[in-house]
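Report on the structure given below.
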There are 2 protein chains.
Amino acid sequence: MLFSSELIKGTLKTIILKLLSENKRMYGYEITQKVKELTGDRIQLTEGALYPTLHALEADGLLTTETEYIGKRVRKYYSLSKEGKAKSKEKVSEFSDFIDTMKFLLDIKHKPA
Amino acid sequence: MLFSSELIKGTLKTIILKLLSENKRMYGYEITQKVKELTGDRIQLTEGALYPTLHALEADGLLTTETEYIGKRVRKYYSLSKEGKAKSKEKVSEFSDFIDTMKFLLDIKHKPA
DNA sequence: TTATTATACATAGGAATATTATGTATATGA
DNA sequence: TCATATACATAATATTCCTATGTATAATAA
């Protein structure tokens, strides 16, 4: 079962920043595979969403890059900058609060007065 | 503290359907106030997002409407249709699974091998 | 009495974010 | 040698939401 893409909207940056806080450096394709693996195939990042987001995070100064060649094939590693590390904590924390709020909101048993 | 609108993306329909499953009928403004109240002002639905979404859910056959006049002011009540009730359960259940997946994903302590 | 705030609907224009489709290229396994 | 996996990237499009604007009535405070 794949989550409807609606749900994933707005969480992509948080996912990327969190994964990079757990791993010194990762490249794009690796991130897609890691997310697939860790979610049991329930979240599959598309390249069309991933790469522009990585570029945006880099442009915001949250990520730094190093390019390496594996044979003749290029590979672009991303790492968190200092600001990126702070942002990662902030985003995960905010998402965690959001989860708590939503759990409360969706579990309520309010009957009309 | 207000949640960044990014996070709320994709959850609006679920929130509306859930609230309507707990209340026989609600009108738009009432929904915004209820969400504000239940989330301690952390989620504030804007009218520009709410009304188009209500219209879309109605067009999809998930909601039915009754218009009433309170004095001279119009008020449009929304209720879940049969399909809407099923969809509400489905969406809440999916969101609950999504929360579990995201919690796992964002709590992991994976170190590079 | 009059100004402000709250109630209550709606839509147009624009921004942000994601999808689909496409393109390029190398490496690996059947 | 053909298909699949690896690995990057972008353009066109779709979705979804926000901001701003518009209309109007009701209640409250100055």
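Numbers restart at 1 for each chain; the letters A, B, ... are given by sequence-line order, proteins then strands.
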With sugar-phosphate meaning primed atoms plus P, OP1 and OP2, does A:Gly28 contact a base, only sugar-phosphate, or nothing at under 4.0 Å between heavy atoms?
sugar-phosphate

For the residue pair A:Arg25 and A:Tyr77, would you count it as a cation-pi contact if the rule is NZ or CZ under 6.0 angstrom from the ring centre and within 45 degrees of the ring axis?
yes

Tell me the interatomic distance from A:Ile43, atom CD1, to C:dA18, atom P, rounded to whole angstroms.
12 Å

Side chain proximity check, A:Met102 to B:Thr39, heavy atoms < 4.5 angstrom
no

Whole angstroms only, please: what is the CG-P distance between B:Leu12 and C:dT17?
17 Å

It should be established whether A:Thr46 places a side-chain nitrogen or oxygen under 4.0 Å from OP1 or OP2 of nucleotide C:dA18.
no

Can a side chain N or O of A:Tyr51 be found less than 4.0 Å away from OP1 or OP2 on D:dC8?
yes

Give the rounded distance in Å between these two atoms: NZ of A:Lys13 and C1' of C:dT17.
9 Å

Within this structure, what is the CZ-to-C1' distance between B:Arg73 and C:dA6, rounded to whole angstrom?
8 Å

For B:Leu45 and D:dC17, give me the distance from atom CG to atom P, rounded to whole Å.
10 Å

May I have the distance from A:Leu50 (atom CG) to D:dA9 (atom P), rounded to whole angstrom?
9 Å

So which nucleotide from C:dA27, C:dA8, D:dC17 ends up closest to the side chain of B:Lys9?
D:dC17

Need to verify one output field. Residue with the more 5' nearest nucleotide on DNA chain D, A:Pro52 or A:Gln33?
A:Gln33

On a heavy-atom basis, which atom in B:Asn23 and which in B:Met26 lie closest, and how many Å separate them?
CB-CG, 3.7 Å

Please tell me if B:Tyr27 has a side-chain N or O lying less than 4.0 Å from either OP1 or OP2 of C:dA8.
yes

Testing the basics here: between A:Lys76 and A:Thr65, what is the closest heavy-atom pair and its distance to 0.1 Å?
CE-CG2, 4.0 Å

Base, sugar-phosphate alone, or nothing: which one does A:Glu47 contact when heavy atoms must sit under 4.0 Å apart?
base

Quick check on C:dA18: is either OP1 or OP2 less than 4.0 Å from any side-chain nitrogen or oxygen of A:Thr53?
yes

For the side chain of A:His55, counting heavy atoms from C-beta on, which of C:dA10, D:dT10, C:dA18 is nearest?
D:dT10

Which of these nucleotides, D:dA7, C:dA6, C:dA18, is closest to any side-chain atom of A:Arg75?
D:dA7

Between atom OH in B:Tyr69 and atom P in C:dC9, what is the gap in whole Å?
12 Å

So, do A:Ser21 and A:Leu80 sit near enough that their side-chain heavy atoms are less than 4.5 Å apart?
yes

In this structure, how many angstroms lie between the P atom of D:dC17 and the CD atom of B:Gln44, rounded?
16 Å

